[in-house]
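Everything below concerns the one structure shown next.
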Amino acid sequence: MECIPANRTLDNSNNNYEKDIEKEKDHLSYLSKEETKDKIQLYNAAVTDKLKMTMHSSGIYTGFIKVQMELRRPITVRTCTNAHSHTHSNGNESAFYMPKGSTNVLHISSANTVREVIEALLKKFLVADNPAKFALYKRCQKEDQVYMCKLSDREHPLYLRLVAGPSLETLSFVLREHETGDVMWEAFTLPELQNFLRILDKEEEEQLQSLKRRYTSYKARLEEALSELHNPG
């Protein structure tokens, strides 16, 4: 698990922080069936939004997690998209920017892995992109510091939710793209890359037009002020 403070890069991590992360890993050993049952009872007693967990005779338990979408790059979907989004169609698929901060609730089991959760999220939103482009993070708070931790594909989000309790301040899940250095560019199809380029071209043109309007207005005000100086009264 890769964890960094939200306002700090890995290169700036200090020794005390690294020791805290190692201690956290030690606490992630799985619970016995009885311990899990007790944990679920405590969890459900603390729930305020009715999203409780259920223990099954098999030892598997089910429950809900909330995942916040923080995607910076456009995604490709198979249906029409929001008219307010920057959208470019390509046959039956469209590329658009998902509104930042969108939250989705998933009903999963303790057996579901991070990779399965990512795939379920993309399926729910009809996203055509390769799941390998995305990563699930956990956001947690220790004292006054907020940490973002990239989860491995084999971890189990519902177990992490159970151990942390229902408070989103203690633990929340965030879906992001892999960092630029981790992007598997070969996972992108040619139409996807072409859509991205069209969106970037459109945004570049919008920024240029906005900049031109800004300086045209500024120039007009300067010329007006100079005219008043040269022709007082």
Side-chain angles (χ1 to χ4, degrees), residues 1-33 35-36 39-40 43 53 58-73 75 98 102-125 127 129-142 145-188:
M1 183 191 302
E2 175 189 347
C3 300
I4 60 171
N7 60 352
R8 186 188 305 170
T9 64
L10 283 172
D11 292 337
N12 293 329
S13 301
N14 56 35
N15 292 332
N16 290 333
Y17 164 68
E18 291 172 355
K19 291 178 181 177
D20 289 341
I21 296 304
E22 290 303 319
K23 289 179 182 177
E24 180 182 352
K25 290 181 180 178
D26 292 340
H27 293 158
L28 290 181
S29 57
Y30 284 84
L31 305 170
S32 68
K33 189 172 182 179
E35 289 173 328
T36 299
K39 272 282 188 183
I40 289 175
Y43 182 96
M53 294 193 188
S58 62
I60 298 293
Y61 52 97
T62 55
F64 300 86
I65 61 169
K66 295 180 180 180
V67 181
Q68 189 173 9
M69 316 291 277
E70 290 188 359
L71 305 179
R72 294 171 296 174
R73 295 188 288 271
I75 58 174
M98 179 171 287
S102 300
T103 299
N104 194 51
V105 178
L106 284 180
H107 185 252
I108 63 173
S109 82
S110 55
N112 289 133
T113 62
V114 164
R115 178 50 46 190
E116 290 170 333
V117 166
I118 292 174
E119 291 172 353
L121 275 171
L122 299 183
K123 183 177 180 181
K124 190 168 185 177
F125 281 100
V127 177
D129 297 78
N130 191 321
K133 301 174 188 176
F134 304 92
L136 190 67
Y137 289 76
K138 74 171 185 176
R139 180 188 286 122
C140 51
Q141 184 170 343
K142 293 181 179 179
Q145 180 68 64
V146 176
Y147 295 91
M148 290 294 292
C149 305
K150 181 179 175 181
L151 301 175
S152 73
D153 285 350
R154 291 176 293 180
E155 291 189 75
H156 298 87
L158 195 62
Y159 172 77
L160 298 176
R161 178 78 280 162
L162 175 63
V163 172
S167 173
L168 295 181
E169 292 185 2
T170 304
L171 171 72
S172 59
F173 294 107
V174 180
L175 183 71
R176 290 180 170 181
E177 301 96 341
H178 283 293
E179 296 299 324
T180 304
D182 299 330
V183 174
M184 298 173 61
W185 293 108
E186 63 274 15
F188 288 84

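Phe134 and Ile118 make their closest contact through O-CD1, 3.8 Å (heavy atoms, listed as atom of the first residue, atom of the second, distance). For the residue pair Leu106 and Ala120, the shortest heavy atom distance occurs at CD1-CB, 4.3 Å. A pairwise comparison of heavy atoms in Ala111 and Glu116 identifies O-OE1, 3.8 Å as the closest pair. Across Tyr61 and Ile40, no two heavy atoms sit closer than the pair CB-CD1, 3.6 Å. Contact between Leu122 and Pro131 at its shortest, heavy atoms only, is CD1-CA, 3.6 Å.
Here the side chains of Lys138 and Glu155 are not in contact, with every heavy-atom distance at 4.5 Å or above. In this structure, Leu158 and Asn112 have side chains that are not in contact, with every pair of non-hydrogen atoms separated by 4.5 Å or more. By the 4.5 Å heavy-atom criterion applied to side chains, Met69 and Phe125 are counted as neighbours. When side chains are defined from C-beta on, Glu119 does not count as touching Val127, because their heavy atoms never get closer than 4.5 Å.
Of the options Leu136, Val174, Val105, a side-chain contact (heavy atoms from CB on, under 4.5 Å) to Val67 is made by Leu136 and by none of the others.
Rounding to the nearest 0.5 Å places OG of Ser167 at 7.5 Å from CZ of Arg161. Rounded to the nearest 0.5 angstrom, Glu169 CD and Cys140 SG are separated by 13.0 Å. Atom-to-atom distance recorded for Lys33:NZ and Ser58:OG is 7.5 Å, nearest 0.5 angstrom. From Asn104, atom CG reaches atom NZ of Lys66 across 11.0 Å, with rounding to the nearest 0.5 Å. Interatomic distance, Leu162 CG to His156 NE2, rounded to the nearest 0.5 Å: 13.0 Å.
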Practice item. Determine, stepwise, if the pair Ile108 / Ile65 fulfils side-chain contact (heavy atoms from CB on, under 4.5 Å). Key: CA-CA 8 Å; Ile108 63 173; Ile65 61 169; 3.8 Å; yes
Exercise for review: List the steps, then state whether side-chain contact (heavy atoms from CB on, under 4.5 Å) holds for Leu171 with Arg139.
Suggested key: CA-CA 6 Å; Leu171 171 72; Arg139 180 188 286 122; over 6 Å; no
Point to revise | side-chain contact (heavy atoms from CB on, under 4.5 Å) between Phe173 and Val117, intermediate numbers included | key: CA-CA 11 Å; Phe173 294 107; Val117 166; over 6 Å; no
Check your understanding: Please walk me through it: do Lys133 and Glu177 pass salt bridge (charged side-chain N to carboxylate O under 4.0 Å, His left out)?
Key -> CA-CA 6 Å; Lys133 301 174 188 176; Glu177 301 96 341; over 6 Å; no
Exercise for review: Applying side-chain contact (heavy atoms from CB on, under 4.5 Å), run through Tyr159 and Leu31 and close with a yes or a no.
Suggested key: CA-CA 9 Å; Tyr159 172 77; Leu31 305 170; 4.0 Å; yes
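A donor-acceptor pair under 3.5 Å is absent between the side-chain atoms of Arg176 and the main chain of Lys150, judged by distance alone.
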